[in-house]
Every structure is written in structure tokens, then in C-alpha cells.
Amino acid sequence: MAPEDHEGATSLLQSFERRFLAARALPSFPWQSLEEKLREPSGSELLLAILQKTVKHPVCVQHLPSVKYARCFLSKLIKKHEAVPTEPLDALYEALAEVLMAKESSQCHRSYLLPSGDSVTLSESTAIVSHGTTGLVTWDAALYLAEWAIKNPAAFTDRTVLELGSGAGLTGLAICKACYPRAFIFSDCHGQVLEQLRGNVLLNGFSLELYTPTDPSSPKVTVTELDWDEVTAAQLSAFQADVVIAADVLYCGEVTLSLVRVLKMLSACQRKNDPVVYVAYTIRSQDTGKLFITELERAGIYWEEVPPHAGQLFPYEEHSAIVILKLVLNGRHSVGR
């Protein structure tokens, strides 16, 4: 195999691996590139490698993906294989038979590979809206912010980080594993989300206890209930956060106003140094973010857009327009815009 062909096969294999582990939509896979590779003499070897990097991946064997998703993936993979005049691969059909015998669950696992070789695995709902909330699945802005954090670890290393609206926990867990914060506080207000969030923290090897800011032996990773409409300045101040993050939380005007309320309280807390805030959101319409920026300026909170980063460590929709804003909570600081 020529060097360029080997490089192409490696890139294709990595794309299938990352997308399958994260259970991305099947149309987003590079099927056309696969079809071209399957016409080469090494096509069967590539298919077996893809099988080992997807359905048979050690992470997937330990943390099962959605049965329906695995079935659809294998069915499409077999269809591509059968379209090429070659000997049938028993391993593909055996894998499909195993999946067909498995029972579907309301929960599934998605995994995201880190540069270190470690991974973040999440237990998520198979439904986008479940138990009256969208916080049980991971959204693109959370992936985008996690990727930016991994590329900019100094923003979080040896700092106490508070995440608002943690959802399934992807961003925070990636930061905890790759950026080495002093402490990380996951927070949300929905009971079912908090239950799943605690499970995901434990699933990724972190201990979990109640948050006790005055206890020097307090664990590094904690989960706390935080309702943006009820939290007080004293409660926020007790976290002693150096960095505050939030991802994909600007999905309606009411929630946006509640978030600004929390940010205003953070800026009013009597602290030697105000926390640095990073808010990531997907622009789904022309109005997305406009209300947020208007309310930030009304509250005297300065902002700047973080330069977009190239390349994708995590698989998310390429056409998504995602923005990260860096906020300065107190007007005595200056931020160029």
C-alpha cells in the first residue's frame, strides 16, 4: 500500500471510530470514501479494522451503545460490503447477529476519545427530550467548548471551575481529565439530569461527595443542584470559582435572562478577582445570542468572542455555527471587542 493510501485508510478508520463511539448520525459518516477504498485489494482488511474500531471497540464492549444504532450501522456497513464483488466476511454477519439478539434500553453510551488516549464515556437518554428536559443528551456547543478547553488547558489548570447547566457532563469531564483543574463543580437544576450527571461522574472514575468549600479535603469533582432563579449571591460566592463555563444554555429567552441574572450576581460578589466566564452556544437562528448580548451590555458585563479553532477532536455537525464568548463581569476591567 502506497504511503498516501495508508494515510487515507488511517484517516478513514479514525473518522469511523470517533463517529461511532459518539453515536453520530449515520449520514455524517464518510461512506463515499469507504466505497472507494473497498474497491482496492485491501478493502476486506479495512472493513475488519472498522469493525474492531466500532462495534468491537473495547470501549463499546464495556459501555454498550444504542442497540438500534449499532444495528443500523452494521446493516449499512454490510450493504457497502455486499456492493463490492468479494468474498463475504463472516465477522460482519456474526456481529449483526449478536446485535439483533440484544435488547434495547432507554439509556445508551456515547464515548469521546481524548488526545491522551483516555476517553469520556456518558450514559445518555436515547430520546432527545426525556423526563421533560433536553439536558440528558450532549449538544454540539458542549463538544466545541470541550475541544477548545483541551486546546487551551492553561485557562483551567489548577483553577476552581463552576459549570452552569452541566447536562450530561461531557465538557466538565473532558476538562477534568485533560486540563487538571484544582476543583470542578458540576451544576444543574433538574432532578433527573443531576441523577444522570452523578452517574456519569462516577462512570469516569471520579469520586463524588457533597460540596464542602470550607473543607480542605473536599473532593476535586462535585455535583450540586443550582437553580438560576433561586440561587443567592452568597451561595455563588461560596463556590470561590476562578472560571465559570456554560454550553448550549441559550435555548429560550427566559433561560437567557436567568443566566444573566446569575452572571450579575457573580459580578456583585465581593471577591479579590472576578471569575473568567466562557459561554458557548450554537447559532440556530438570527435571534440566537442577540438577547444574551443585549442583556450583558445592559448589565455592564463586557464580552469578546473567542477566535474559532480549526480542526475537530470531537465529531459534531460541521455546518454548525458555534460561538464562545469570554465575559468580564466587572466593568473595572477592559475587554477589546
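Everything numeric in this text was worked out from a predicted model, so none of it was measured. One is the number of the first residue; the rest follow in order along the sequence.
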S.K.: For Phe292, check ring-ring contact (aromatic ring centres under 6.0 Å, His included) against everything at least two apart and list the hits.
M.R.: none
S.K.: Contact between Val276 and Asp242 at the side-chain level, heavy atoms closer than 4.5 Å - yes or no?
M.R.: no
S.K.: Quick one: do Val221 and Asn204 satisfy side chain to side chain contact (heavy atoms under 4.5 Å, CB included)? Show the steps, please.
M.R.: CA-CA 11 Å; Val221 178; Asn204 285 273; over 6 Å; no
S.K.: What class does the angle between the rings of Trp148 and Phe156 fall in, given that below 30° is parallel, 30 to 60° is tilted and above 60° is perpendicular?
M.R.: perpendicular
S.K.: Tyr69 vs Phe20 aromatic rings, parallel, tilted or perpendicular, using cut-offs 30° and 60°?
M.R.: tilted
S.K.: Can you name the side-chain contact (heavy atoms from CB on, under 4.5 Å) partners of Val244, sequence neighbours left out?
M.R.: Leu162, Leu164, Ala241, Leu266, Pro275, Val277
S.K.: Sub-3.5 Å donor-acceptor pair from the side chain of Arg71 to the main-chain atoms of Leu100, do we have one?
M.R.: no
S.K.: Run the salt bridge (charged side-chain N to carboxylate O under 4.0 Å, His left out) test against Lys290 and tell me which residues pass, sequence neighbours left out.
M.R.: none
S.K.: Give every residue pair that meets the ring-ring contact (aromatic ring centres under 6.0 Å, His included) criterion with at least one member in residues 76-101, sequence neighbours excluded.
M.R.: none
S.K.: Give a yes or no on whether a salt bridge exists between Lys56 and Glu94, defined as a side-chain N under 4.0 angstrom from a carboxylate O.
M.R.: no
S.K.: Among pairs that include at least one residue of residues 160-173, which meet salt bridge (Lys or Arg N to Asp or Glu O under 4.0 Å), considering only residues two or more places apart or in two chains?
M.R.: none
S.K.: Check step by step if side chain to side chain contact (heavy atoms under 4.5 Å, CB included) holds for Glu304 and Val328.
M.R.: CA-CA 9 Å; Glu304 66 178 356; Val328 173; over 6 Å; no
S.K.: At their closest point, which heavy atom of Thr121 faces which heavy atom of His109, and how far apart are they?
M.R.: CG2-CD2, 4.0 Å
S.K.: Can you tell me how far the NZ atom of Lys80 sits from the CH2 atom of Trp31, to the nearest 0.5 Å?
M.R.: 7.0 Å
S.K.: Examine Val323 and Leu291 and state if one hydrophobic cluster contains both, with Ile, Leu, Val, Met, Phe, Trp and Tyr joined whenever side-chain heavy atoms are less than 4.5 Å apart.
M.R.: no
S.K.: Mind listing the closest non-hydrogen atom pair of Asp188 and Gly167 along with its distance?
M.R.: OD2-N, 2.9 Å
S.K.: With distance as the sole test, does Ser187 use its side chain to make a donor-acceptor pair with the main-chain N or O of Thr224 at under 3.5 Å?
M.R.: no
S.K.: Quick check: closest heavy atoms across Pro115 and Leu313, and the distance to 0.1 Å?
M.R.: CD-CD2, 3.7 Å
S.K.: With distance as the sole test, does Arg19 use its side chain to make a donor-acceptor pair with the main-chain N or O of Ala25 at under 3.5 Å?
M.R.: no
S.K.: Would you compute the distance between atom CZ of Phe206 and atom NZ of Lys220 and round it to the nearest 0.5 angstrom?
M.R.: 5.5 Å
S.K.: Are any side-chain N or O atoms of Lys177 and backbone N or O atoms of Ser119, one a donor and one an acceptor, separated by less than 3.5 Å?
M.R.: yes
S.K.: Please tell me whether Val59 and Leu64 are part of a single hydrophobic cluster in this structure, the criterion being side-chain heavy atoms less than 4.5 Å apart.
M.R.: no
S.K.: Suppose we screen for side-chain hydrogen bond (donor to acceptor under 3.5 Å, both in side chains). Which residues come up paired with Gln52, at least two apart in sequence or across chains?
M.R.: none
S.K.: Go through the steps for Trp139 and Tyr144 under the test ring pair (Phe, Tyr, Trp, His ring centres under 6.0 Å), then give the verdict.
M.R.: CA-CA 9 Å; Trp139 297 90; Tyr144 189 80; over 10 Å; no
S.K.: Test of understanding: with salt bridge (charged side-chain N to carboxylate O under 4.0 Å, His left out), list the residues that count as partners of Lys76, not counting sequence neighbours.
M.R.: none
S.K.: Test your reading of the model: is there a side-chain donor-acceptor pair from Glu104 to the backbone of Val67, 3.5 Å cut-off?
M.R.: yes
S.K.: CG/Leu46 to OG1/Thr10 distance, rounded to the nearest 0.5 angstrom?
M.R.: 9.5 Å
S.K.: Just jot down the salt bridge (charged side-chain N to carboxylate O under 4.0 Å, His left out) partners of Asp229, sequence neighbours excluded, or say none.
M.R.: none
S.K.: Is there a donor-acceptor pair under 3.5 Å between the side chain of Ser42 and the backbone N or O of Glu45?
M.R.: no
S.K.: With the side chain counted from C-beta on, respond yes when Leu96 and Ser75 share a heavy-atom pair under 4.5 Å apart, and no when they do not.
M.R.: yes
S.K.: Is the centre of the Phe73 ring less than 6.0 Å from the centre of the Phe29 ring?
M.R.: yes
S.K.: Look at the side-chain heavy atoms of Ile, Leu, Val, Met, Phe, Trp and Tyr, link any pair under 4.5 Å apart, and say whether Leu26 and Val99 land in one connected group.
M.R.: yes
S.K.: Check the hydrophobic clustering (I, L, V, M, F, W, Y; side-chain heavy atoms under 4.5 Å; chains of links allowed) and say if Val255 and Leu325 are grouped together.
M.R.: yes
S.K.: Output all residues satisfying side-chain contact (heavy atoms from CB on, under 4.5 Å) with Ala91, sequence neighbours left out; order by chain, then residue number.
M.R.: Leu48, Leu51
S.K.: Partners of Ala178 by side-chain contact (heavy atoms from CB on, under 4.5 Å), sequence neighbours excluded?
M.R.: Ile150
S.K.: Could you tell me the separation between the CD atom of Glu225 and the CG atom of Leu194, rounded to the nearest 0.5 Å?
M.R.: 6.0 Å
S.K.: Without swapping roles, check the side chain of Asp248 against the backbone of Ala280 for a donor-acceptor pair under 3.5 Å.
M.R.: no
S.K.: Thr157 side chain to Pro181 main-chain N or O, any donor-acceptor pair under 3.5 Å?
M.R.: no
S.K.: Taking Leu197 as the starting point, is it possible to reach Leu203 by hopping between hydrophobic residues whose side chains are less than 4.5 Å apart?
M.R.: no
S.K.: Could you give me the CA-CA distance, side-chain angles and deciding distance for Leu34 and Leu77, then say whether side chain to side chain contact (heavy atoms under 4.5 Å, CB included) is met?
M.R.: CA-CA 9 Å; Leu34 176 63; Leu77 197 63; 3.8 Å; yes
S.K.: Using side chain to side chain contact (heavy atoms under 4.5 Å, CB included), reason through Tyr278 and Asn152 one step at a time and then give a plain yes or no.
M.R.: CA-CA 12 Å; Tyr278 298 98; Asn152 297 272; over 6 Å; no
S.K.: How close do Ile245 and Leu145 get, counting heavy atoms only, and between which atoms?
M.R.: CB-CD2, 4.1 Å
S.K.: Backbone N or O of Ala142 within a donor-acceptor pair of the Thr171 side chain at under 3.5 Å?
M.R.: yes
S.K.: Identify the heavy atoms of Arg110 and Tyr112 that sit nearest to each other, and give their distance.
M.R.: CD-OH, 3.7 Å
S.K.: Using the salt bridge (Lys or Arg N to Asp or Glu O under 4.0 Å) rule, collect all pairs that involve residues 189-198, keeping only residues at least two apart or in two chains.
M.R.: none
S.K.: Just one of Pro315, Ser111, Pro65 clears the side-chain contact (heavy atoms from CB on, under 4.5 Å) bar with Leu21, so which one?
M.R.: Ser111
S.K.: How close do Val201 and Ser207 get, counting heavy atoms only, and between which atoms?
M.R.: CG1-O, 4.4 Å
S.K.: Can you tell me how far the CG atom of Leu202 sits from the OG atom of Ser123, to the nearest 0.5 Å?
M.R.: 11.5 Å
S.K.: Charged N to carboxylate O under 4.0 angstrom, Arg298 versus Glu295?
M.R.: yes
S.K.: Between the main-chain N or O of Ala233 and the side-chain N or O of Ser237, is there a donor-acceptor pair closer than 3.5 Å?
M.R.: no
S.K.: Roughly how far, to the nearest 0.5 Å, is CD1 of Ile322 from OH of Tyr281?
M.R.: 11.5 Å
S.K.: Please list, chain by chain and in numerical order, all residues satisfying side-chain contact (heavy atoms from CB on, under 4.5 Å) with Glu36, sequence neighbours excluded.
M.R.: Gln32, Arg39
